[in-house]
K.L.:
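Have a look at this one.
Everything numeric in this text was worked out from a predicted model, so none of it was measured. The figures that follow rest on heavy atoms only: side chains count, while hydrogens, waters and symmetry mates do not.
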There are 2 protein chains.
Amino acid sequence: MAADGGEPGTVRPGGRTARVRAAVLRAAEDALIEKGFAGLDLADVARRAEAGKTTVYRRWGTVAGLVADLLQDMAERSVPRTETGSLRGDLAANARLVRETLADPRQGALFKALIAAAAGEERTAAALHRFYGTRIAEWAPVVERAVERGEVPAGTDAAEVIRAVSAPLYYRFLVGGGPLDEELATRAAEAAAVAARAGVYAPADTP
Amino acid sequence: MAADGGEPGTVRPGGRTARVRAAVLRAAEDALIEKGFAGLDLADVARRAEAGKTTVYRRWGTVAGLVADLLQDMAERSVPRTETGSLRGDLAANARLVRETLADPRQGALFKALIAAAAGEERTAAALHRFYGTRIAEWAPVVERAVERGEVPAGTDAAEVIRAVSAPLYYRFLVGGGPLDEELATRAAEAAAVAARAGVYAPADTP
DNA sequence: TCTTTAACGGGACTGTGGTTCCGTTAGCTG
DNA sequence: CAGCTAACGGAACCACAGTCCCGTTAAAGA
C-alpha cells in the first residue's frame with residue numbers, strides 16, 4: 001500500500017523486467033534502422049521483441065519515451081578512444097570515428113532516426129544532448145593535453161573544439177547532402193586544429 | 001484523350017489551383033511549426049487551408065511530398081545578402097543570418113521539422129539538399145572575392161567554406177544542444193575564415 | 001461567350017495504431 | 001519455499017488518418 005512512487009519496472013527491476021527491457025530496446029533499434037523514426041510503431045516493436053504490446057505501451061508510453069530510454073542505454077556503452085601524439089592526429093582519429101559511424105548503414109540510419117526523433121520532442125532532445133555530452137567529454141582530454149603541450153592557447157574550450165570536428169560531418173549528413181568521405185573528415189579535423197591553434201576557441205582572443 | 005502525362009495541377013495550373021496550392025503550403029508551414037513533423041496530418045492541413053481533404057491527398061499524397069513541395073517553394077524565395085569588405089566580415093554576416101533564422105521560434109521550428117522530415121524520406125532529403133544548395137550558392141561569391149583579393153589561396157572550395165560557417169550552428173541546433181548565441185556565430189565565422197586562409201579548403205595543401 | 005473537362009470538395013467507408021480489461025506469470029521478501 | 005503482488009501479455013475495443021465515390025466548380029481554349 002505504500003506509494004511506490006512511480007513508473008512500472010522500478011519496484012522489481014530484475015529478471016524478467018530487465019530481460020524485456022533489453023529485448024524491447026534492441027527491437028526498437030532494429031525498427032528505427034529499418035523503418036526510420038516516422039515509420040515506427042510500438043506494436044511492431046513489441047512483436048519483434050516477442051513482448052506484449054500492452055507492456056511496451058505501459059512502460060514507455062510513447063515513441064519519444066522509448067527513444068529517450070534507448071539513448072540513455074547507448075550512452076552507457078562507451079567507445080574506446082585512441083591517442084596519438086599531436087592534436088591534429090587526435091582530432092583526425094576522432095573525425096575518422098565519427099565519419100565511420102555515420103557512414104555505416106545501420107549506425108547511420110539509427111542516428112538519423114534518433115536525431116529526427118529529438119527534433120520533435122523536447123524530452124528526447126534532452127536525452128540526445130546528454131548522450132552527446134558524454135561522447136564529447138570522452139574526447140575533450142585530447143585538447144586538454146594539447147593545451148598542456150602548448151599547442152593551443154590556455155583557456156581553450158576543449159569540448160567546443162571536439163564539437164567543431166563533428167559539426168561539418170553532421171552538417172553534410174543531415175542538411176547539405178553528399179558523400180561522407182574521408183576527405184571531409186580530415187578537412188574537418190584540420191580546420192578545427194588550425195582554428196584552435198589560432199585561439200578561436202579561447203576566451204580573450206585579443207592580443 | 002491525349003495523355004496529359006502527369007500529376008494533377010499540371011494542365012490547369014492557374015487560378016483556383018494556384019490559390020489552393022499557396023493556401024495549403026502556408027497551412028503546412030504553420031502546422032509544421034506548431035506540431036512538428038511527427039504530429040503532422042494532412043487532414044489538419046486541409047482544414048487550416050480551408051481546402052478539401054481529398055484535394056490535399058490527391059495532389060501531394062504523403063507528408064513527404066508536401067514537404068518537398070514546400071521546400072521547393074522556399075528555395076524560390078531569395079534572401080538578400082550583405083557584403084562587407086573582408087572575408088571575416090562577410091562570413092560573420094552569414095553566421096549572424098543563419099543564427100537568427102535558427103533562433104527565431106517560428107523559423108527554427110520549421111527548419112527542425114523540415115530536417116526531421118528529410119531524415120526519414122529520400123525524396124524529401126533531395127529537396128532539402130537542393131534548397132541548401134541554392135542558399136549556399138548565394139553566399140559562395142563572398143569567398144570567391146576573397147580569393148581574388150588574395151585573402152585565401154586560389155582553388156579554395158567556396159561552397160565548403162560557407163558550409164563550414166553553418167555547420168557549428170546546425171550542430172548545436174540539432175545535435176549538441178545549448179543556446180544559439182552570438183558568440184557561437186562569431187566563433188563559427190572566425191574558425192572558417194582562419195581555416196580558409198590556412199588553405200584547408202584548397203585542394204593541394206602541401207607547400 | 002460557350003464548351004469541355006481538370007481540379008476541387010463533401011461525405012461515407014476502412015484499416016490500423018493505440019487503449020482498456022482482466023487473467024497469468026514470476027520477482028522479491030520473510 | 002510460500003505468499004503477495006508487480007509486471008507481463010492476449011484479446012476485444014475505439015478513434016481517426018487515409019481512401020474512395022461522385023456531384024460541383026471554374027480554368028483553358030475556341
Side-chain angles (χ1 to χ4, degrees), chain A residues 1-28 31-32 34-69 113 117 120-121, chain B residues 1-28 31-32 34-69 113 117 120-121:
Chain A
M1 225 243 213
D4 60 63
E7 303 298 280
T10 53
V11 179
R12 289 180 186 174
R16 179 169 62 168
T17 298
R19 215 152 46 239
V20 167
R21 183 177 114 104
V24 168
L25 291 185
R26 226 198 134 109
L32 279 173
E34 281 173 39
K35 313 240 188 148
F37 164 66
L40 192 68
D41 89 271
L42 300 197
D44 180 47
V45 170
R47 218 172 301 126
R48 287 166 186 258
E50 295 178 54
K53 189 163 66 147
T54 315
T55 301
V56 176
Y57 279 106
R58 182 173 30 231
R59 288 215 29 202
W60 290 278
T62 69
V63 172
L66 180 55
V67 171
D69 198 16
E121 272 281 333
Chain B
M1 232 261 198
D4 62 65
E7 303 299 280
T10 54
V11 178
R12 287 180 186 173
R16 179 169 63 168
T17 298
R19 215 153 45 239
V20 167
R21 183 176 114 103
V24 168
L25 291 185
R26 226 198 135 110
L32 279 173
E34 281 175 38
K35 314 240 189 148
F37 164 66
L40 192 67
D41 89 272
L42 299 198
D44 180 47
V45 171
R47 218 172 301 125
R48 288 165 186 258
E50 293 177 56
K53 188 164 67 149
T54 316
T55 300
V56 176
Y57 279 105
R58 185 175 27 232
R59 286 212 34 200
W60 291 277
T62 69
V63 172
L66 180 56
V67 171
D69 198 16
E121 272 280 335

K.L.:
Categorize B/A46 for me: base, sugar-phosphate, or nothing, with a 4.0 angstrom heavy-atom threshold over every strand shown.
P.N.:
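Since no nucleic acid heavy atom lies under 4.0 Å of B/A46, the category is nothing.
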K.L.:
Tell me whether the side-chain N/O atoms of A/R58 come closer than 4.0 Å to OP1 or OP2 in D/dG9.
P.N.:
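Looking at the OP1 and OP2 atoms of D/dG9, neither is under 4.0 Å from any side-chain N or O of A/R58.
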K.L.:
Taking any heavy-atom pair under 4.0 Å as a contact, classify B/T17: base, sugar-phosphate, or nothing.
P.N.:
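The residue B/T17 makes sugar-phosphate contact but no base contact.
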K.L.:
Give the nucleotide from the list D/dG9, C/dC8, D/dA7 with an atom nearest to the side chain of A/A51.
P.N.:
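Nearest to the side chain of A/A51 among the choices is D/dG9.
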K.L.:
List for me each residue that meets side chain to side chain contact (heavy atoms under 4.5 Å, CB included) alongside B/R16, sequence neighbours excluded, and say none if there are none.
P.N.:
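If we apply the side chain to side chain contact (heavy atoms under 4.5 Å, CB included) test to B/R16, skipping adjacent residues, the hits are B/R19, B/V20.
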K.L.:
Extract from the structure each pairing of a protein N or O with an N or O of nucleotides 24-26 of chain C at less than 3.5 Å, listing the distance.
P.N.:
residue, atom, partner, partner atom, Å
C/dT25, O2, A/R16, NH2, 2.9

K.L.:
Side-chain atoms of residues 21-28 of chain B: list all donor-acceptor pairs with protein atoms under 3.5 Å, sequence neighbours left out, distances to 0.1 Å.
P.N.:
residue, atom, partner, partner atom, Å
B/R21, NH1, B/D69, OD1, 2.6
B/R21, NH1, B/D69, OD2, 2.9

K.L.:
Send over the distance from B/F37 CZ to D/dA17 P, rounded to a whole Å.
P.N.:
15 Å
K.L.:
First locate atom CG of B/L42, then atom CH2 of B/W60, and finally report the distance between them rounded to the nearest 0.5 Å.
P.N.:
10.0 Å
K.L.:
Show me, pair by pair, the donor-acceptor contacts under 3.5 angstrom made by side chains of residues 43-53 of chain A, not counting sequence neighbours?
P.N.:
residue, atom, partner, partner atom, Å
A/D44, OD1, A/R47, NH1, 3.4
A/D44, OD2, A/R48, NE, 3.1
A/R48, NH1, A/E34, OE2, 3.4
A/R48, NH2, A/E34, OE1, 3.1

K.L.:
Could you tell me the separation between the CG atom of B/L66 and the CG atom of B/L32, rounded to the nearest 0.5 Å?
P.N.:
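One finds 7.5 Å between CG of B/L66 and CG of B/L32.
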K.L.:
Please find the pair of heavy atoms, one from A/A117 and one from A/V67, that lie closest to each other, and give the distance.
P.N.:
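Of all heavy-atom pairs spanning A/A117 and A/V67, the closest is CB-CG1, 4.1 Å.
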K.L.:
Do you know which two heavy atoms are closest between B/P8 and B/R59, and how far apart they sit?
P.N.:
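Here B/P8 and B/R59 meet closest at O-NE, 3.9 Å.
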K.L.:
May I ask you to decide if B/R12's main-chain N or O and B/T17's side chain share a donor-acceptor pair within less than 3.5 Å?
P.N.:
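At least one qualifying donor-acceptor pair exists.
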K.L.:
Closest heavy-atom contact between B/V63 and B/F37?
P.N.:
CG1-CE1, 3.6 Å
K.L.:
Within the sub-3.5 Å range, which N or O atoms of nucleotides 16-19 of chain C have a protein N or O partner, and how far apart are they?
P.N.:
residue, atom, partner, partner atom, Å
C/dG18, OP2, A/Y57, OH, 3.0
C/dG18, O5', A/Y57, OH, 3.3
C/dG18, N7, A/K53, NZ, 2.9
C/dG18, O6, A/K53, NZ, 3.1
C/dT19, O4, A/K53, NZ, 3.3

K.L.:
What bend angle does the helix from C/dT1-D/dA30 to C/dG30-D/dC1 show across its length, from five-pair end axes and to the nearest 10 degrees?
P.N.:
60°
K.L.:
Could you tell me how far apart B/R59 (CZ) and C/dG9 (P) are, to the nearest whole angstrom?
P.N.:
10 Å
